[in-house]
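Only one structure is covered here, and it is reproduced in the block below.
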Amino acid sequence: MTITLETTYSPADIEQRIFDAWMKADAFKSLRDDRNNADKYSIVIPPPNVTGSLHMGHALNNTVQDILCRFERMRGKDVLWQVGTDHAGIATQMVVERKLAAEGKPTRQEMGKEKFLEAVWDWKEESGGTIIGQLKRLGASCDWERERFTMDEGLSAAVRKVFVELYNEGLIYKDKRLVNWDPKLLTAISDLEVVQIEKKGSFKWERCSDEEFDAAALEKVLKKDPHGHMYYFDYPIMTLDDNETIVGYIQVATTRPETMLGDTGVAVHPENEKLKHLIGKMVCLPLVNRLIPIVGDEYADPEKGTGAVKITPAHDFNDFEVGKRHKDNKVLNINIMNKYGKIINESDYDFNYYSVISHILGQDVKIPKPFQGLDRYAARLEVIKQIHALGLLAKIEPITHTVPYGDRSNVAIEPFLTDQWYVNAGELAIEALAAVKDGRTNFVPKNWEKTYFEWLENIQPWCISRQLWWGHSIPARYGLRRDDDKTSISQYKLFVAETDDEIKHQVYKYYEGKFDKEHIDFVDEFTFGGNTTDERGTVLIVGKDPDVLDTWFSSALWPFSTLGWPENTEHLQKFYQTDVLVTGFDIIFFWVARMMMMGLHFIKDKDGKGIAPFHTVYIHALVRDAKGQKMSKSKGNVIDPLELIDQYGADALRFTLAAMAAQGRDIKLDVSRVEGYRNFATKLWNATRFAQMNGCAPVAGFNPATVQHPLNQWIVGEVERASIAVTQGITDYKFNEAANALYKFIWNVVCDWHVELVKPILSDEAHAARAETQATLAWVLDHAYALLHPFMPFLTEELWGLTATRAQLLTLSDWPQLANLQNKSVDGEIDWLISIITQIRTLKADLRIEPKLKIDLVLIGARNTTQLRIASHEEALKRIGRINTISYADALPQGAAQFVQGEATIAVPLAGVIDFAAEKIRLSKDIEKLTQDIIRIEGKLNNTDFRARAPAEVIEEQEENLAMNSEKRAKLALALKALG
RNA sequence: GGGCGCGUAGCUCAGCGGUAGAGCACUGCGUCGACAUCGCAGUGGUCACAGGUUCGAUCCCUGUCGCGCCCACCA
């Protein structure tokens, strides 16, 4: 047989070639002809952002999915691993805007919506989805032909259908309330996209202790970071008679002084003994000179702050609720900021809105000139200065508090009163909760269910509209109300439907045929502005909703939209419900919970019961750097998986991640582990090389149950043991256990022992067991390739192809399912052999006997079985143990080192070679250790409670241990004595 | 404030009611034609601490200390 293998394995040379072979064979296609009748197995990939590139989290996530898919494919299933990318609204829009800026091109606003979207699509075609190629480098066995994108026409149709149906069911609605507004990206964002950032101030001032208020110093501090301070203002309380005299002050505290311009009340707790007498009095809001009421509300905690809270309903979530409760007291919303986070000026005024409020309050609500148009932080400083000038600034305290920031824009978000679209998530959560509570869907590890429950049980309406351009348009249109339909407070008539045709039909019906369908025009902006005239005659203008949907809205549909829903496709029928969702805990809320809601709501079984999108959710760890820090570009601690693949191969990286993927703990990735597993790949490579050099080749019809030689009987049992452990590990999602079982089996069992022990047989061409051993080793390695394949697909496929002419690629071959190959008596025999060799080696090392020196063994007290074993394994013993002769004696020879193996004492006569003092020390050490053990075990056995209550097999085991150790100690004692 | 998790060898981590494990690092020694990306032998641990349950606790329970994360709040 010719040797075809190099001495080392170089992944770079083979990975691409192997991947091409898989693709050429359509190995990863779903609905393969040869699997028509097979059970299905399906996973949908967490779609990476189209802007993304492969990071460690992806590498782990997709390694896990690939292990599962390859495993199930080898178990014969019809596997669909559905792949695709997410359009990632904000992220993509930002990337393209940055690119345009870098190229000196016009801005998004200058280009206009249509041109800009063209530019985004161009970008997507050109450089979007590089991550897809990177997933292939990792070896991901997705059904690549079925790649989907969340903005594909089919998926967009699914989005529109879901939106319209939920709207018609009342589960999607438009509402005016406070949202998290991002003043940089100029869009609303959901609660989940807000991150809390801790801020710490440093400026301190108190009216009574400091002479002079140092405005310049404060300005300097606030310029660096506008957050981190608590300001105390004294609000004057007025009489309401004609004199309007100040009768006292009420002190309020705030971290956001600029919002005081929009205060419409002050709240104190109705049972606050110190302050409740003020309820009903009026405060003259400083700077603005507007009268606002002091109201009683339980929100005002007497223990916190000053006990009195300024209420700005239009700029604070809690205040908004207080305002609603005190509408009758005229605690109204007065919006003081525009979408840029600047104090509104004359041109921003919504005249209608402010005049209505002014009218209700009977007071002017205009913002004083000096503040108009100021940025929120400039306004903050200005308010403080002017309050101080009025003598109403009591003190400034540095505090530590958290400030809400937009996770994408990294600016403080602003609670902002706007019209937005919401999903009634509370309603959809009911089924999503039930499905997990009743076990239709299970989390692995289970403790994540608690996190899932807590979030869903307290879920808020989900704000789904975004003021962006890149994304799914909201299929809503706005028209002027009919004269006879002014019942609603809203000024426009809302039309919602999946297609423009349907909307035109709705419009046509609404105006009772007054406008032809051809006489209805859509304009691309939010307007409900009447009609116009052209050559067609009178034309009705209907405004399009300019907003797009939250990216996660389409992601929520991913498990069925990718399968073709709402069409009833073959894929939808066969592969929904998917089997497992593999993801990190950081997107349980963003994605998992929402997929559950949507899947259960839209996909029903025959009885109308919702079908969850997956029966299992496997939550894996987060990959951190070797120090446990979250990897991030700004910290510069990112380990690039592609670099590791270049350096060590995809298999080594995959195996590392699998081996470290123990449940319930983060992965601190240490590159030395990757190196270690690269070495593991080389080890298997070289074992294969050895087999090839020794004429081992798969034999057709080989039956492992009928091998004769004990070494072969033993190793086929070990293969069975490994196959059980690996199968169990994968099915239990304990990938580290599966990986470790493989590592130990291949390295510590096959390579360290079987290959070594079998060398005398293989190197002797006349040996009776040679053919059987060759066939066995080939069989063992074939099984090693198969069992390792889900973890190291490239290496194993390559070796599979190099070692024989195969009918199939390994990736399409059968998963080993073995039984009845283990044999206890053979296991005992080989354990004995391994033990005796190890003892010889230890003895030689301890006594510093030259490794090259061949020694003799003399066995004393060996029973028949031992003599038979010696005879049976003499060749292996002599070769590996470097032994010259083996003989038997009745008494210990003089001048020998000794050890005990089972019932026999084994002497190594070494007079003149070894240092007997050293041997004495060695023996004494062994005896000492045995004595410790014996004392411990005796203590246990002498304990009557132990004897009374411990299980019989435990007692028996301890007794056996005691007997064994005692016997061994006695023999060693004799040996020591023999040394004199 | 609510929740989740973690403290095991120098480092990174498994494990587990019955004699404490791996990789890396470290110390010796390298001999047999698979492999120096290797082999053999070894050093190294009061399993954070304190109680409790148990015949027996690194493992289960309670508490303490230290660390991390998530959610909520923050006048």
Side-chain angles (χ1 to χ4, degrees), chain A residues 3 5 7-9 191 196 230-232 251-256 266-267 299-301 304-311 316 318-319 399-403 447-448 450-451 454-455 458 585-586 588-589 622 624 626-628 630 648 652 656 659-660 662 664-673 675-694 736-737 740 743-744 751-752 755-756 759-760 763 838 841-846 848-854 879-880 882 932-933 936-937 940 943-951 953-955 957-958 961 965:
Chain A
I3 311 302
L5 296 171
T7 52
T8 53
Y9 163 60
D191 298 346
Q196 302 294 331
M230 184 74 75
Y231 307 87
Y232 294 83
Q251 195 172 88
V252 296
T254 180
T255 54
R256 306 201 49 204
V266 173
Y299 167 66
D301 184 346
K304 283 187 184 167
T306 62
V309 196
K310 67 189 248 342
I311 301 297
D316 182 284
N318 289 309
D319 293 3
I399 58 159
T400 302
H401 64 155
T402 56
V403 179
N447 54 311
W448 289 109
K450 194 157 187 170
T451 307
E454 256 168 51
W455 189 68
N458 299 300
F585 59 81
D586 50 334
I588 290 177
F589 305 145
L622 232 55
R624 299 172 183 278
K627 287 181 202 131
K630 199 167 172 173
Y648 300 110
T656 307
M660 298 184 81
R665 207 202 288 230
D666 289 345
I667 295 179
K668 285 180 209 158
L669 186 72
D670 190 336
V671 178
S672 70
R673 287 291 288 265
E675 193 179 334
Y677 292 123
R678 185 275 315 266
N679 297 352
F680 172 60
T682 309
K683 189 75 183 176
L684 179 61
W685 179 272
N686 276 297
T688 300
R689 193 162 171 272
F690 169 82
Q692 216 170 45
M693 291 167 77
N694 286 281
N736 59 319
E737 289 182 10
N740 286 332
Y743 188 91
K744 283 183 180 148
C751 293
D752 286 352
V755 164
E756 293 302 325
K759 275 177 179 173
S763 59
T838 305
R841 285 170 169 171
T842 308
L843 182 140
K844 287 177 82 171
D846 282 356
R848 309 207 168 271
I849 297 167
E850 238 190 294
K852 261 182 267 202
L853 186 75
K854 288 199 170 185
R879 175 149 165 178
I880 302 181
R882 289 194 70 75
Q932 292 303 326
D933 279 0
R936 192 175 41 76
I937 298 169
K940 254 186 195 184
N943 183 336
T944 48
D945 283 335
F946 174 73
R947 283 200 172 274
R949 301 188 194 217
E953 64 266 25
V954 171
I955 297 173
E957 196 188 329
Q958 296 298 324
N961 280 343
N965 285 343

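All of these numbers come straight from a predicted model, not from anything done at the bench. Just so you know, these numbers use all the heavy atoms, side chains as well, and skip hydrogens, waters and symmetry mates.
The residue Ala950(A) sits close to a base: some heavy atom pair falls under 4.0 Å. Within the nucleic acid shown, Ala300(A) comes within 4.0 Å of at least one base atom, counting heavy atoms only. Counting any heavy atom pair closer than 4.0 Å across all strands shown, Asn961(A) reaches a base atom. Residue Thr254(A) is in sugar-phosphate contact alone, with no base atom involved, counting any heavy-atom pair closer than 4.0 Å across all strands shown. No contact: Thr944(A) has no heavy atom under 4.0 Å from any strand.
Atom CD of Gln932(A) and atom C1' of U19(B) are 12 Å apart (whole Å). One atom, CG of Asp301(A), and another, C1' of C74(B), lie 11 Å apart when rounded to the nearest Å. To the nearest angstrom, P of A72(B) lies 16 Å from OH of Tyr299(A). Atom CZ of Phe946(A) and atom P of G17(B) are 17 Å apart (whole Å). The separation between Asn740(A) atom CG and A22(B) atom P is 11 Å, rounded to whole Å. We find that NE2 of His401(A) is positioned 17 Å from C1' of A72(B), with the value rounded to whole Å. In this structure, CZ of Phe585(A) is placed 10 Å from P of C69(B), rounded to the nearest angstrom. Rounded to whole Å, the distance from CG on Asp586(A) to P on G5(B) is 18 Å.
Of the candidate nucleotides G18(B), C71(B), G23(B), G23(B) has the atom nearest to the side chain of Tyr743(A). Listed candidates were C70(B), A75(B), G3(B). Nearest to the side chain of Thr255(A) is A75(B). Closest to the side chain of Arg949(A), from the set U12(B), C55(B), A41(B), is C55(B). When the nucleotides G3(B), U19(B), C74(B) are ranked by their closest atom to the side chain of Glu454(A), G3(B) comes out on top. Of the candidate nucleotides U19(B), G18(B), C4(B), C4(B) has the atom lying nearest to any side-chain atom of Lys450(A).
Judged by distance alone, with hydrogens and angles left aside, Gln196(A) brings a side-chain donor or acceptor within reach of the base of C74(B), the pair sitting under 3.5 Å.
Among all heavy-atom pairs drawn from Ala659(A) and Asn736(A), the shortest one is O-CB, 3.2 Å. Residues Arg947(A) and Ile955(A) share a closest heavy-atom pair of O-CD1, 3.5 Å.
Note that CG of Asp933(A) is 5.5 Å distant from CG of Asn965(A), once rounded to the nearest 0.5 Å. For the atom pair Arg936(A) CZ and Asn961(A) CG, the distance stands at 8.0 Å (nearest 0.5 Å). Note that OG1 of Thr400(A) is 10.5 Å distant from CE of Met230(A), once rounded to the nearest 0.5 Å. Here Thr688(A) contributes atom OG1 and Met693(A) contributes atom CE; the two are 12.5 Å apart, rounded to the nearest 0.5 Å. Summarising the geometry, atom CD belonging to Gln196(A) is positioned 10.5 Å from atom NE2 belonging to His401(A); distances are rounded to the nearest 0.5 Å.
Of the two residues contacting RNA chain B, namely Trp455(A) and Val252(A), the nearest-nucleotide position lying further toward the 5' end is that of Trp455(A). Comparing Ile937(A) and Thr400(A) along RNA chain B, the residue whose closest nucleotide (by nearest heavy atom) sits nearer the 5' end is Ile937(A).
Between Tyr648(A) and Tyr677(A), the distance from one ring center to the other does not fall under 6.0 angstrom.
Judged by the 6.0 Å distance and 45° axis criteria, Lys759(A) is positioned over the aromatic ring of Phe690(A).
Between Phe589(A) and Trp455(A), the two ring planes are parallel [angle under 30°; tilted spans 30° to 60°].
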- [ ] Going 5' to 3' through nucleotides 28-35 of chain B, assign each nucleotide B (protein heavy atom under 4.0 Å from a base atom), S (under 4.0 Å only from sugar-phosphate atoms) or - (no protein heavy atom that close).
- [x] SS-BB-BB

- [ ] Whenever both distances are under 3.5 Å in a Watson-Crick or G-U wobble pair, mark it; put RNA chain B into dot-bracket that way, with [ ] for crossing pairs and | when the partner is on another strand.
- [x] (((((((..((((....[..)))).(((((.......))))).....(((((..]....))))))))))))....

